[in-house]
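Remember, it's 1-based here, ligands and their atoms both numbered in the order they're listed. A quick note: this is a predicted structure, and the numbers were derived from the prediction, not measured.
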Amino acid sequence: MIFILLGPPGAGKGTYSQKLIKKFNIPQISTGDILREAVKGKTELGMKAKDYMDKGLLVPDDVIIGIVEDRIKEPDCKNGFLLDGFPRTVEQADALEYILNKNKLKLEAVININVKNEILFKRLTGRRLCKKCGANFNIYTLPSQKEGICDRCGGELYQRDDDKPETIEKRLLVYTKQTAPLIEYYNKRNILKEIEASEGTIDDIVKKIEDILSGVN
Ligand code: AMP
């Protein structure tokens, strides 16, 4: 099973991915997570990406495409994978199509997660991540039991630099301009599935996604 979770920053792609990968037993490929790790490790990739990320801009396509092409060749991707945060431009989507064809792989679904703008803003400003294990929390919608401490591993929670209000606005604009055209792109290919995720629990939304995916199998 190969599928994409498409949707604006704050739609919950990372949170839903964590549950879906368990259900389908496939890895989550989050380009944002890969880049954050690289920034943390001060690698060459991290140095290249940091400035763009801090400004809420997209990292150049050639950098991102190379990362994904290498990642999907890893053995854990043999039963499929979930793409979270990739593709984000038409050029990336074209490259993905090319890479999948070359490897005789088939993209089965693109799930477009719709969330109202005012809700996105709140989710992004409230988001907290664990420094140690990367688990996702939200001070408004999914608080940890002890403030600032991860429920899963006891690690310290932090706010992403790009979750500050000024950067969030920029990221939402970048989404509308550069990523939203992918909705039409995949609609034309008859592979797009829409879900409404402004309301409902995380499990409700995950169930909606699972139902869609079991229909395309
Ligand atoms: P995310 O965690 O998916 O919100 O990504 C955080 C940041 O990483 C984005 O604001 C971009 O700067 C960068 N990034 C992640 N994925 C991509 C991508 N597919 N193309 C370009 N930049 C990306």
Side-chain angles (χ1 to χ4, degrees), residues 2-18 20-21 27-41 43-72 81-100 107 110-113 115 117 119-131 133-138 157-183 185-186 197:
I2 298 176
F3 63 98
I4 295 173
L5 289 189
L6 188 65
K13 300 186 294 295
T15 308
Y16 309 138
S17 296
Q18 285 301 314
L20 292 164
I21 57 172
Q28 166 199 16
I29 302 181
S30 156
T31 41
D33 284 351
I34 294 171
L35 293 170
R36 273 185 292 281
E37 273 300 303
V39 170
K40 208 162 93 185
T43 65
E44 198 183 321
L45 167 66
M47 306 288 201
K48 257 191 220 163
K50 187 174 183 324
D51 243 22
Y52 295 99
M53 295 173 78
D54 286 348
K55 290 186 183 133
L57 299 173
L58 295 186
V59 172
D61 287 331
D62 54 337
V63 176
I64 295 289
I65 291 164
I67 296 175
V68 174
E69 183 159 24
D70 290 345
R71 180 65 185 86
I72 67 173
F81 44 87
L82 181 178
L83 291 166
D84 157 13
F86 178 91
R88 256 177 156 102
T89 63
V90 168
E91 192 173 346
Q92 291 179 18
D94 283 341
L96 176 67
E97 200 166 69
Y98 175 79
I99 294 166
L100 292 179
L107 177 61
V110 178
I111 316 272
N112 186 35
I113 305 172
V115 179
N117 247 10
I119 296 178
L120 289 178
F121 208 81
K122 197 168 172 190
R123 284 198 191 159
L124 289 165
T125 49
R127 177 156 68 182
R128 298 292 181 272
L129 299 179
C130 175
K131 270 190 182 163
C133 75
N136 257 292
F137 296 89
N138 192 294
L157 302 185
Y158 76 103
Q159 183 173 33
R160 275 169 50 172
D161 283 344
D162 60 350
D163 280 344
K164 287 180 247 135
E166 324 78 80
T167 321
I168 290 174
E169 277 189 25
K170 181 79 202 165
R171 288 165 63 209
L172 291 174
L173 271 176
V174 165
Y175 173 79
T176 306
K177 218 172 143 203
Q178 294 182 266
T179 308
L182 294 181
I183 299 170
Y185 181 99
Y186 286 118

Point to revise | Which of the ligand 1 atoms, numbered from 1, are nearer than 4.0 Å to a heavy atom of Leu57 | key: 11 (C), 12 (O)
Review point. Should we count OH of Tyr52 as having more than 12 external heavy atoms under 6.0 Å?
Key: no
Revision key, fill the gap. Between the CG atom in Leu182 and the CG atom in Leu96, the distance rounded to the nearest 0.5 Å is 10.0 Å
**Study point:** Polar proximity ligand 1 side, Gly85 side, N/O cut 3.5 Å exclusive
**Key:** yes
**Study point:** Per atom 5 (O) of ligand 1, closest listed option by heavy atom (Arg127, Arg88, Met53, Lys50)
**Key:** Arg88
Review point. Touching ligand 1 at all, Arg160? Heavy atoms, strictly under 4.0 Å?
Key: yes
Review point. What about Gly56: any of its N or O atoms under 3.5 Å from an N or O on ligand 1?
Key: no
**Study point:** Leu58 contact mode with ligand 1 (heavy-atom cut-off under 4.0 Å)
**Key:** both
Review point. Are any side-chain N or O atoms of Gln159 and backbone N or O atoms of Thr125, one a donor and one an acceptor, separated by less than 3.5 Å?
Key: yes
Practice item. State whether the number of non-hydrogen atoms from other residues, nucleotides or ligands found under 6.0 Å of Gln178 atom CD is greater than 12. Key: yes
Check your understanding: For the residue pair Arg71 and Pro27, what are the closest heavy atoms and their distance?
Key -> NH2-CB, 3.8 Å
Practice item. Please state whether Lys13 comes within less than 4.0 angstrom of ligand 1, counting heavy atoms only. Key: no
Review point. Should the heavy atoms of other residues, nucleotides or ligands under 6.0 Å from OH of Tyr98 be counted, would the total exceed 12?
Key: no
**Study point:** Neighbour count >12 (heavy atoms, 6.0 Å) for atom CD, Glu44
**Key:** no
Check your understanding: Which ligand 1 atoms does Gln92 reach within 4.0 Å, using its non-hydrogen atoms?
Key -> 18 (C), 19 (N), 20 (N), 21 (C)
Exercise for review: Using a 4.0 Å heavy-atom cut-off, say whether Leu35 meets ligand 1 through its side chain, its backbone, both or neither.
Suggested key: side chain
Review point. Numbering the atoms of ligand 1 from 1, which are under 4.0 Å from a heavy atom of Arg171?
Key: 4 (O)
